[in-house]
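Presented below is the structure to which this report refers.
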Amino acid sequence: MRVILLSVLLLVALLAAASPPELGRKGMVAADEAQCSAAGAELLARGGNAVDAAVGTALACGVTQPSASGLGGGGFALVQPAGGEPLAFDFREVAPAAATRTMFIEAAQKDASTLGGLAVAVPAEGPGLAALHKRLGRLPLSAVVEPAARLAEQGFATGFHLARSIAKEDALAQALFGLPRPPLRGDRVRRPALARTLRQMGKSGGASLQTGEGATALVAAIQKAGGVVTKADLAAWTPRERPAVRFSYRGWQGVTFPPPSSGGVVLAQILGVLEGYDLAALGHNSADALHLMAEAMKHAYADRARLMGDPDRVAVPVAALLSPARVAAVRAAIVPGRTFPPDRYGAPVDIGKDAGTQHISVLDAEGMAVGLTTTVNTAFGSKVVDPVTGIVLNNQMDDFVARPGEPNAFGLVGSEANAVAPGARPLSSMSPTVLRKGDRTLVVGASGGPFIISSTLSAIVNVIDFGMDPQAAVSAPRIHHQWSPNSLVVDEGIPEDVLRALRTRGHELKVMPFFSAVQMIDGAPGAQLGASDPRKGGLPAGVR
Ligand code: DON
């Protein structure tokens, strides 16, 4: 029945749109770059499961899109086996032991939390992906790293997003590819040092990057750039397995990522609020529907700023924030015809140049779903590149409240709950999410800083409330409100009359092309539809 439904959806999509979702029969990988999706699909075709494919895809993404993720960063993976319990696997970076609450207030450089060695939190992607693979993967790790190592060794075509993000970065072009000037789209580039690093990781089960040669090189590069990460920090880092946030939405059962991501709680609260309204009757991207979504976002993002941080340090009131009482209180505070004056002002959200994350959705033939989001934070992280391992180091320290009262690179404000503290994990917005209804599964998540949550939300609502196929759902224009700054950010393509109706309700609009990128799979046994966000030029890969 579901297969028939999905086949009909595909047919409608084929007839209706120039760009239908990709169809798989034996599994699907949707990453935000075509060569990465292909790397994951290759692992599925070789008998790997969704975890093998997600890990291999993430490693490949770190090769072909070094602005957006890689072994110098960290992330989250949400695994939902076909039957059984979900696993929220946290491989987020932590602040080094020498970090202090005031380090960025005292730093000579104003941009010390985003640029250079001090911005670097303990790199965690390598040991994290290796540990996730050890826990649930099926193929040997040496096989899982191979598609990525091959791309790095033999070279790959510079993609749309890499060409765009490296266009003005001469020093990075030299450090990453040994080129005197940035490559253009289509130019072949190689990363032989990274190929060696990946194969060492495969052989050592990740230990090379935590206690071995790779770790020594990484620490030297970070310290040379003024950072304080030590070998002891790398050796002490451990992943965490956390209870997934569970929610329901219009008959679908969802699981999403808990703190230290704010994403799952914010997403689940907004969906809880929206369930009280008939969005489909209001119409897709109508002013009435967008207003309700914006108001729900403002409440949930305000809770994020006030209350959320590393759950190992502060008690994040997840249950209270998702309780029926809280959801009812938010609904009661929403007035259809108007929005309210700003409580607080912040710097405008500076979008366009930040693109340090990638989200990967995988669904295998056995129904195991993995949403994996991995990040170096802003584009090329701290811009520190270790010449020995070829790894780009993150600037995840900026996800803490680096300077109290000041917004971070994404315009986000926060509280004491997210202060810099040795060993703490900085608050994140990454929201890998899986929804199930009967034998139908949605796997979804995004990159885009705080836009991750609102963009994931839009894609879910577009499928569940508006009946869209996943390609239409991730491509449609969307909105974002993060409470502070008090502007409703509107994607290009929302009609003028809708903008006018939103302004009438009191929203201060900021219209701009969105940079967030959603990857989504809508699948059932025997048929999976996959979609990558056109905003980042990605393509999914199905296994036939
Ligand atoms: O963890 C976070 O929320 C941020 N470090 C994510 C940054 C991001 O998505 C950048 N963009 N594409």
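In each ligand, atom 1 is the first atom listed, and ligand 1 is the first ligand listed.
No side-chain donor from either of Q65 and E33 sits under 3.5 Å from a side-chain acceptor of the other. Side chains of N395 and S382: no donor on one and acceptor on the other come within 3.5 Å. If you check the side chains of Q519 and S361, you find no donor sitting under 3.5 Å from an acceptor.
Considering backbone and side-chain N/O of G448, one or more are found under 3.5 Å from N/O of ligand 1. Considering backbone and side-chain atoms together, K536 places no N or O closer than 3.5 Å to any N or O of ligand 1. By the 3.5 Å distance cut-off applied to N or O atoms, F515 is not counted among the residues near ligand 1.
Among H359, R478, H480, R535, the single residue meeting the side chain to side chain donor-acceptor pair (under 3.5 Å) criterion with S516 is R478. Considering D399, D310, T375 as possible partners of R92, the one that fulfils the side chain to side chain donor-acceptor pair (under 3.5 Å) test is D399.
Only side-chain heavy atoms of D399 come within less than 4.0 Å of ligand 1; its backbone N, CA, C and O stay farther off.
At least one heavy atom of F410 sits under 4.0 Å from some atom of ligand 1. For the ligand labelled ligand 1, residue R92 lies inside the 4.0 Å heavy-atom shell.
Near Q396, with a cut-off below 4.0 Å to any heavy atom, the atoms of ligand 1 are 5 (N). Taking every heavy atom of N377 and a limit of under 4.0 angstrom, the matching atoms of ligand 1 come to 4 (C), 5 (N), 7 (C), 8 (C), 10 (C). Interface atoms of ligand 1 facing S429, defined by a heavy-atom separation under 4.0 Å, are 1 (O), 2 (C), 3 (O). For ligand 1, the atoms lying closer than 4.0 Å to a non-hydrogen atom of T375 are 5 (N), 6 (C), 7 (C).
The salt bridge (charged side-chain N to carboxylate O under 4.0 Å, His left out) test applied to K168 returns no partner, not counting sequence neighbours. Among residues two or more places apart in sequence or in another chain, the side chain to side chain contact (heavy atoms under 4.5 Å, CB included) test is passed with P86 by Q80, A244, R246, V255.
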Given side-chain contact (heavy atoms from CB on, under 4.5 Å), test S113 with F104 step by step and report yes or no.
CA-CA 6 Å; S113 67; F104 296 112; 3.7 Å; yes

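The residue among T357, N408, I452 with a heavy atom at the shortest distance from atom 10 (C) of ligand 1 is T357.
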